[in-house]
Amino acid sequence: MFDPDLLADKHILITGGGSGLGLDMTARFAELGATVSICGRTPEKLESAQKEILSRSKNGKVFTHAADIRDYEAVENMVANLESQGGLINGLVNNAAGNFLAASEDLSPNAFKAVVDIVLTGSFNCSKIVGSRLIEREEQGSILNIVTTYTQTGCAFVLPSACAKAGVEAMTNSLAYEWGTYGIRVNAIAPGPFPTEGAWSRLMPDEKSEQAYKSRIPSGRYGEKWELSNLAAFVISDLAPYMTGSTIPIDGAERLNAGQFNFIAQLAPRDQLKQMFQQMKSKSSK
Ligand code: HXC
């Protein structure tokens, strides 16, 4: 579907690009011709990710910079360093996240702050610094924020993440409007269940929970990394020039469990449910 040079004129910075979904998106962008830069807190992780990306794109241009995106000055230095190597950054994926399961009444102030600072402040720092450099140089760009499907509903036991990701979605819409005049598009993707080691080790307590979770997904399976990466490539590319201020869910319809009677789907096999509906129909029509 994609031209192999789709992203050839892009230098894309992917935060948290050293592992998980961020790494796969980065590798896909490089396959499609982008110069890519990744950042994270652990230099060794970035080095091994760089090797993996280059194994998928032999002639790819991949730059790394270890930094904590919570630190504004560190992000300024990082962006200047990466641009000195790969040219002006005209694509940004705010992907880095922090999350864990905890009862909200047990959260320490620092635990709340740790997640909000990575997700919300980190996304602000990167967007503000990359965006202002684009505006200064009168260049267009594309920002993609990775949020979640629970920005709209809230979510138990992940309060800091729910608050922070909802903030990032508000930032998506705010900047899309404000920076539309500069030709900077700002969109978000809301992935549902895409298991990665980083997320599942923090969010999936045991096998039983995993079964319960899987049964909530109407598509009957988890998402695969390539599915998210292709969507991300499309959204960040010039194939979607009129798309801005959009949040696109990709979740096998898992978020629609909010529907009041959806639980019935899990009560019995479908043929039994249909019989039950028939019985109810005949009773109610009398
Ligand atoms: C309660 C916890 C905790 C836990 C840490 N804390 N883990 N509290 N339950 N499981 C508390 C600590 O006690 C401390 O508070 C405070 O949080 C900061 O912890 P540190 O370890 O000092 O902070 P830091 O090294 O900055 O680590 C940040 C982190 C960590 C968020 C806590 O987990 C991290 O770096 N995560 C990055 C990767 C990640 O989380 N990936 C998953 C993203 S998945 P005190 O008071 O003791 O000082 C995702 C997908 C969402 O977002 C969608 C799913 C479907």
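Both ligands and their constituent atoms are indexed starting at 1 by order of listing.
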Is the closest heavy atom of Y150 to ligand 1 under 4.0 Å?
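Contact check Y150 vs ligand 1: positive.
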Using protein heavy atoms only, decide if any is under 4.0 Å from atom 15 (O) of ligand 1.
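Given the 4.0 Å cut-off, atom 15 (O) of ligand 1 counts as touching protein heavy atoms.
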Does a donor on one side chain sit under 3.5 Å from an acceptor on the other, for [X] and [Y]?
X: E210; Y: Y222; value: yes
X: D24; Y: S229; value: yes
X: N257; Y: N262; value: no

Looking at non-hydrogen atoms alone, which of [options] comes nearest to [atom]?
atom: atom 54 (C) of ligand 1; options: L203, T196, T148; answer: L203
atom: atom 49 (C) of ligand 1; options: N99, T149, V116; answer: N99
atom: atom 42 (C) of ligand 1; options: A102, G198, G40, G192; answer: G198
atom: atom 17 (O) of ligand 1; options: A96, S108, A111; answer: A111
atom: atom 28 (C) of ligand 1; options: I118, I146, V158; answer: I118

Close-contact set for ligand 1 against R41 heavy atoms, below 4.0 Å:
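Taking each heavy atom of R41 in turn, ligand 1 has 24 (P), 25 (O), 26 (O), 27 (O), 34 (C), 35 (O), 37 (C) under 4.0 Å.
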Any idea which atoms of ligand 1 are less than 4.0 Å away from a heavy-atom of R70?
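Those qualifying, in numeric order: 26 (O).
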Between N95 and G16 (side chain of the first, backbone of the second, donor and acceptor by atom type, cut-off under 3.5 Å), is there such a pair?
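Answer holds: yes.
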Just to confirm my output: which protein heavy-atom neighbour is closest to [atom], and how far is it?
atom: atom 18 (C) of ligand 1; result: A114 CB, 3.7 Å
atom: atom 41 (N) of ligand 1; result: R202 NH1, 3.6 Å
atom: atom 44 (S) of ligand 1; result: A199 CB, 3.6 Å
atom: atom 48 (O) of ligand 1; result: N110 ND2, 2.8 Å
atom: atom 2 (C) of ligand 1; result: F100 CZ, 3.6 Å
atom: atom 37 (C) of ligand 1; result: A97 O, 3.3 Å

W200 ring center near F194 ring center (under 6.0 Å):
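No: the rings miss the under 6.0 Å criterion.
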Taking side chain as C-beta onward, heavy atoms only, is V36 less than 4.5 Å from H11?
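Counting from C-beta outward, V36 and H11 never come under 4.5 Å.
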